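Below is one structure, written out as C-alpha cells; the observations come after it.
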Amino acid sequence: MEETAAAAAPVPNAATPEPAGDAPSGDASADPAAVGDDEHDSKEVVLRRYFLQEWELVSAILRRIVAAGGDAEPADVHKIRSIMDKYQEEGQLLEPYLENIVLPLMSLVRSKTMELGTGTDELLDIIKPLCIIIYTLVTVCGYKSVIKFFPHQVSDLELGVALLEKCHTISSVTALRQESTGEMETKCVVLLWLYILVLIPFDISTVDTSIATADSVDGAEVVPLVTRILNICKDYLSSSGPMRRISGLLLARLLTRPDMAKAFSSFMEWANEMLLSVTDDFVDQFRSIGIVEALVSIFKIGNRRALYDTVSGAWNDCSVVMKTNVSARSPLLRKFLVKLAQRIALISLPPRSPSWRYKSISNSLGANLSSSTTGEAYSSESSEQVNIDQTDVCLLEDMDVPEIVEEIIDLLLTGLRDSDTIVRWSSAKGIGRITARLTPALSEEVISSILQLFSPGEGDGSWHGGCLALAELARRGLLLPSSFPDVIPVIIKALHYDVRRGPHSIGSHVRDAAAYVCWAFGRAYTNCDMKAVLEQLAPHLLTVACYDREVNCRRAASAAFQENVGRQGTFPHGIDIVNTTDYFALASRSNSYLNVAVSVAQYKKYLYPFADELLCNKITHWEKSLRELAAQALSLLVQYDMDYFGGHALEKLVPCTLSSDLCTRHGATLAAGEVALRLYQLGFTFSTDMQKALSGIVPAIEKARLYRGKGGEIMRSAVSRFISCISIAGISLNEKIKKSLLETLNDNLRHPNAQIQCAAVDALKHFIPTYLVSSGEKIANDIISKYLALLDDPNVAARRGAALALGILPYKFLILKWMPVMNKLCSSCTLEDKPDDPDAEARVNSVRGLISVCETLTAPFDQSSNSGDSVYAYIKDYVMRALFTALDDYAVDNRGDVGSWVREAAMDALERCTFILCRRDIAALRTAPASGHESELSVMEVNSSSSAHQLFDSGIAQDLVAGIAKQAVEKIDKIREIAIKTLQRILYHEEHLIPFIPHRELLEEIIPNSTDLEWAVPTVSYPRLVKLLQVSCYSKSVLSGLVISTGGLQESLKKASTSALVGYLEDSDINTNCEGKSREHLLSCDLLWVLQCYQKCDRVITPTLKVAETIEALFSKKVFLTREGYSEFYSGLVDSVGSELKGSKDFTKLCAGLSILGYISSQLDGTCTKAFTQLLTFLGHRYPKIRKAAADQVYLVLLQNDDLIPSENMDKAQELLAETCWEGDLEEARRKRSQINKMAGFSVATSLKSENQETRITDARNIVTTDENKSYSSLVDFSGY
C-alpha cells in the first residue's frame, strides 16, 4: 500500500503562524480602532481578529493543563469548548492554531496511557477532558484537519487498541452534549487515532506482540490485533452516535490494506449475514446503517481489483436491504444504499475519461471573457470539443456494460423519485459518476430516462430529482448541446413548477433546483452554444427572480442569471439587470414585485413574460396577500404598453371575475380595478365596450351570489377596492348600476370585519363625489339620514361603519345637514351614548368621523362668512368638549384598556381641531381692517389679541395641553409616545404658532423639537414630564395620570415614575413661582384634589392609595414634615381615605389605605388620633385578612407613638394585639377591639355605633354571613387570588 503513517504526518511548516501571544498580530487585536471597524469588515476578518484575542486565554488554559500533567478543570474545558463552538461556520480560521492545540493534548493522552497503563480507571479520568477538547476541534474543523497532528509511531498501534478496549467497557451517562463527561468523545478520538495508526507501512502481524510470543502462528488466520479492532468496530456499527461513522472509516482504512485479505473476506461474510437477517428492531436498523456506511467507505478507497470479486455479493445485499421495511422507514439507510450501489457500479466499469465529454474553453472566467471577443476561434474551438472522434466512438459502442450496472442505474433513477432530498441528491451524483464511464449511446438513454421524470403524472420529488441529475450531468460535461432541445423546455416548466395542495402549494424546491440547473449551464457551456438557450431561459429566470413567492427561489434565479451574464460574455442589458436584481434587493417580496420587476420590465423583451406570469399565475395564486401584491405589480407595468393592458389584459381579466375558483375571481377583480385605475392615471381613453364590461362586473358578481359561502369576505373587500378604482377612473355607469353599487357598499359598511368596512369607506369616498353629488339634494339627504339612523342601530358593526361613512361625505352633502351630523357624532364619541351596549370601536370611528366632518366643512371657509362662523362656533363649543370627554375614556373589557383606542383618536382629533380654529383666527385677523401697512402677524400680535374674540382661547389651550400631558405620563408606552409627539407638533407647528399656551417656554424646554429622544422609554419621558408638576394649571392633570403609573402593576414603569417623582422633589433648581408656596405643598394639595375629584373611581383611587409606598418614602425623607400645610394634608388624606375604604371590597385598596392610616397615626401630630380611630375600626372588619392587617398596623403604631394610649395601658394593649387571633371569630375580634378602644380612652359609643351599624347590616342579610369562610371567600374572589 502506497500510503504510510509517516506520509500522513505533517512536516512542520515555516509559514504556519505562531500563537497570537507571541506574534505581533496580538497587538493589532487589542487596537481599539481595529475593534471599532467590525461592522465594516468581513466576517472572516472579524472572527480572525477576535480569535486572536481569545487565543491568549486558550493558550493559557493549555499551558495550565500541560503543567498539571493533563489534569484539566471542568471549567477550563467548558471555556475552550464555548470558544471553539463560535467557529462552527468558519472552521478554517482555527486551522493555523490546530498544531499548537492538538499536539500537546494528544501527547498527554499518549504519555498518560503509557505511564498508567490501560488497566486503571484513573487513566480515563485524566484523558476524558482532553478528548472533549480534541473532539470539539473535530466537529469544527473536520477530522481530516485534526488527525494530521496525532502521534503516529508504530509502537502506538497496540497502545491505541488497548486504550480503545478500555474505553469500550464504559458507557455514556447522558446523551446531551452540554452534560457529557467525555465517554463518547474519548471513544471517537481513540478511533481517529487508530485511523491514522493503521496506515503503518509494515505488515501488522510484525507489530502484534501477541504473535511474537505465541508458540505457533497460522498464516491463514486473522492477526489477533486486527481481530480485536474488528470486534470493537462491529459493535460501534450498531451505535447511533458518531462512533458509527468513525468506526466505518477505520474499517475502510484497515481492511483495504494489502495484508488484510483474510480479514476483509471475514468482514464481508459477516456483513452479508447481518444484512440478510435484518429485522424491524431499531438496533438492527442502526447496525444496517453502520454496515452499509462502512461498505461505502471501503468501496470508495479500496483497490478495484481487490474489490471486483465482491461486487456481486455486495449488490445482492444492497438490493435485498433496499426492499425491506427498515429501508422504507430510514432515509439515511436509503442514502447509503444508493451510495453503495453507485460505488459498486464504478467498480464494475473500467475507469476512463470519455472523449465525448463536453469541454469548455477554460475554467477561468477571465479567459472565457477574453476569448469571447474572437468569435471565429470561439466557434471553431467549441465545435472541435463537441465533435467525437469516430474511432473512439466505434470502440465505445462495442463496450460491454455489465447487467449489474443496468440494474444499479434503474435503482438510481428510482432514487431520484425518493421522498427525501438526501436520497435524491445522492442518486443524482451517482448518475453523473456512472454516466461518465458509459458510451454516448448509453448516456443518451440515461438522459432520456431522466427526462421521463418530468412527465405530468410524476410528483414533486421526481421533478426535483430530475433537475439535480441534469445539473450533475451538465457540470460534468455529460449533457451535450445536442440534447438542449429536449432539456430546455423541461427546465422552463420546472422553473414555474407550483402545485396546489389544499390551502398551500408545493414546488419551491423544484424551482430552486431548476435555477441550479441554469446556473450549471452557465458554468459548463460556451457562449456560442448557450446564446440561443440563454435567450429562452433569461425571461423565465428573471420572472422567477422577481415574482417567486419564496425568497430562496428569487435569489437562486438571480444567481443563475448573474452567472450566465458573467460567463457568457455580452448580453443585452445584462449588467444593468444584474445590478438591479441583487441579493439584497430581492429579500423583500414587495420590493421585488413593485420596484425590481418594474425596473427590469422597461426592456420590452421581459415586459410581456412578466405580464403573462402575473395574469396567468400570480393573480390566481392561493395566497391572498400575494394576489393583492400581484394586482398592484400588474398595474405598475401598464406604463410600458397601455394598448396591451387596456385591450388584451382587461379582456382576459373581466371573464375571470366570475370564475368558480375563489382565488381566480378575487385576483382578477383586484387586477381589473388596479389596471383600469392606472390606465386612467396615464391618460388612456377607454372604449365604450370596455367601460360597459367594467361597469357590469360587480352586478354580475352579485347576481352569481359570489358573496356567499367560503370566500365571501375576501370578495367583499375586492369588490370595494374595484368600485374605488372605477370611481376614480370615472367609468360611466347607468342609474341602475349606481344604485346597485351603493347598496353593495352600504352592505359592506355593516359587515363586522373591520377591513371590509375600511375598504367600503374608501370606496364611498370616491364613489359619492363621482356619481352622486350631481344627483340632487334628495339623494344627499337620504344618504345622510340613512347613516345617521345607522348610528343608533343595535348592530355595533353598523354603528362603526356609519360613523366612518359620515366622515368621508363631501362638502355638498354635509352642508345640508351639518349640525345634526356633528351633533350625533359628538354624542357617539362618549361612553354615555350607549351605556347598555358600549363599543370602543364605534367610539373610535365616531371620533375619526367627527374630525373628518369638521375638516370637510371648514375647508372652504378660510375667509369670513356667516355659515363659516356658525360651523366654527359649533366646533369650539361642542366638538372640542366632546373630544375632551373622549380623552377621558378609560373603558375596559376582556381585551384590556380599549379606551386607549378612543384616547389615541381623540388626541389626533384635538390636534387637528386646534389647527382648524387657529387657521380661522389668523384668517380673521388678516382680513380685519389694518392700520398702517400690511405685515405678517407676529407672535405677540396674536397673543395680544383679546381671546374673547378668538375661537382658540386660553381656556381651550390650557385644557388641551393639560389633557394631552396627562396621557403623556400614563402607563401605556404607545399612548405616552403619541401624546408627547402630539404636544411636540402643537408647540412647533410649521405654518403658524399656536397661541395662548400657558408656560410655553417650560414646555419647550421639557419637550424639545428633536426626534432623537425615545419617548416611549419610561426613564426618558418621566424625568422630563414630571417637571410640569411645578405649574399649577397642569399639575393636577399630570398627577392624576402619574399616580396610575406609580401605583401600577408593571414594576419597571413603577420604578421609573417613582424615581422621577422623588427626583423632582429633591431637585433644588426647580422653582414653582406660585405665591412662594413650595413644590411639596403643591404636590400635597394636588394629591388631595385627585382623591376628591376621582372619589369612588377605583381606576384612579386604587393606584393613588398604592402610591402610599412613594408617600412613605417621601415622609421618611421628611419632605412634608418641615414644610407648611402638612397638617391640612394629613387631615384631608385621612378624610379621603376613610370615605374610600368605607364599604370597599377591594383587597388591594383596603391594604393600601390601612398602610396610609398607620403611617399618619404614628406621627406626632393632631391628625394622628383621627387616623388611629379609623384604623381601630378595621380591627372588627368582616374580612379576616383585613383584621389581621389592621392589627399589624396598630401594633406598629403603638411602638412608634406613645401618646395614643396611656402608658399604664400600653403594655396590656400590645399584649392584647399580639395574642388575639384576628383571623378567627368575628364577634371575638370585635370584643377585643372594644377593649383596645377603652384602653385608648376613646368613646365606647363611637365604637358601639360602628359595631351596631355593621350588626344591622348583618341582620339585614338574614345572618347568612356568620360563616367567616364564606365572607372571606367573597374577598378572595373579588381580589382575583
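Quick caveat, the model's predicted, so the values are computed rather than measured.
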Under a plain distance cut-off of 3.5 Å, with no hydrogens placed, do [Y] and [X] share a side-chain donor-acceptor pair?
X: Arg800; Y: Asn845; result: no
X: Ser732; Y: Gln691; result: yes
X: Asn591; Y: Ser588; result: no
X: Asn617; Y: Tyr547; result: no
X: Asp486; Y: Ser483; result: no

Can you tell whether the side chains of [X] and [Y] come within less than 4.0 Å, N to carboxylate O?
X: Glu735; Y: Lys739; result: no
X: Glu472; Y: Arg476; result: yes
X: Lys618; Y: Glu623; result: no
X: Glu535; Y: Lys605; result: no

Inter-residue atom distance [X].[atom1] - [Y].[atom2], 0.5 Å rounding:
X: Arg627; Y: Thr620; atom1: CZ; atom2: OG1; result: 8.5 Å
X: Tyr358; Y: Leu479; atom1: OH; atom2: CG; result: 11.0 Å
X: His648; Y: Leu615; atom1: NE2; atom2: CG; result: 6.5 Å
X: Ile723; Y: Thr770; atom1: CD1; atom2: OG1; result: 12.0 Å
X: Asp512; Y: Asn552; atom1: CG; atom2: CG; result: 5.0 Å
X: Leu626; Y: Ile619; atom1: CG; atom2: CD1; result: 11.5 Å

Is there a side-chain contact between [X] and [Y] (heavy atoms, below 4.5 Å)?
X: Tyr787; Y: Leu764; value: yes
X: Arg334; Y: Ser419; value: yes
X: Ile768; Y: Pro810; value: yes
X: Asn564; Y: Val533; value: no
X: Tyr680; Y: Ile726; value: no
X: Gln452; Y: Ser455; value: no
X: Arg750; Y: Asp747; value: yes
X: Leu637; Y: Phe610; value: yes

What are the two closest heavy atoms between [X] and [Y], and how far apart are they?
X: Ala587; Y: Arg554; value: O-NH2, 3.4 Å
X: Leu636; Y: Tyr640; value: O-CE1, 4.4 Å
X: Ile488; Y: Leu537; value: CG2-CD2, 4.1 Å
X: Leu586; Y: Val551; value: O-CG2, 3.8 Å
X: Ala805; Y: Val761; value: N-CG2, 4.2 Å
X: Ala560; Y: Ala515; value: CB-O, 3.3 Å

So, the side chain of [X] versus the backbone of [Y]: is there a donor-acceptor pair under 3.5 Å, distance only?
X: Asp498; Y: Ser505; result: no
X: His504; Y: Arg501; result: yes
X: Ser462; Y: Glu458; result: no
X: Ser599; Y: Val596; result: no
X: Ser720; Y: Arg716; result: yes
X: Asp420; Y: Val423; result: no
X: Thr581; Y: Ile577; result: yes
X: Thr657; Y: Val654; result: yes
X: Asp762; Y: Cys758; result: no
X: Thr580; Y: Asp576; result: yes

Next on the checklist: Apply salt bridge (Lys or Arg N to Asp or Glu O under 4.0 Å) to residues Glu841 and Arg799 and explain how you reach the verdict.
Outcome noted: CA-CA 9 Å; Glu841 288 89 342; Arg799 299 205 298 270; over 6 Å; no
Greater than 12 external heavy atoms within 6.0 Å of [X]'s [atom1]:
X: Lys493; atom1: NZ; result: no
X: Lys692; atom1: NZ; result: no
X: Lys604; atom1: NZ; result: yes
X: Arg895; atom1: CZ; result: yes

Item to check | Residue pairs fulfilling ring-ring contact (aromatic ring centres under 6.0 Å, His included) with at least one residue in residues 702-758, sequence neighbours excluded | outcome: none
Item to check | Option from Arg424, Arg417, His509 for which side chain to side chain donor-acceptor pair (under 3.5 Å) with His464 holds | outcome: Arg424
Going by the rule ring pair (Phe, Tyr, Trp, His ring centres under 6.0 Å), which residues pair with [X] if we only count those two or more places apart in sequence or in a different chain?
X: Trp463; answer: Phe454, Tyr497
X: Tyr583; answer: none
X: Tyr606; answer: none
X: Phe521; answer: Phe484, Tyr525

Next on the checklist: Suppose the criterion is salt bridge (Lys or Arg N to Asp or Glu O under 4.0 Å): which pairs have a residue in residues 664-682, not counting sequence neighbours?
Outcome noted: Glu674-Arg721
Item to check | Aromatic contact, Phe686 with Phe684 (centres under 6.0 Å) | outcome: yes
Next on the checklist: Test side-chain contact (heavy atoms from CB on, under 4.5 Å) on Arg523 and Glu563; report intermediate values, then the result.
Outcome noted: CA-CA 7 Å; Arg523 294 181 66 89; Glu563 190 71 22; 3.2 Å; yes
Next on the checklist: Show, in sequence, the C-alpha distance, side-chain angles and deciding distance for Gln562 and Val578, and conclude whether the side-chain contact (heavy atoms from CB on, under 4.5 Å) test is met.
Outcome noted: CA-CA 6 Å; Gln562 178 181 351; Val578 166; 3.8 Å; yes
Next on the checklist: Could you walk me through whether Met715 and Leu662 satisfy the side-chain contact (heavy atoms from CB on, under 4.5 Å) test, starting with their C-alpha distance in whole Å, then the side-chain angles of each, then the deciding distance to 0.1 Å, before giving a yes or no?
Outcome noted: CA-CA 8 Å; Met715 284 305 299; Leu662 170 64; 3.9 Å; yes
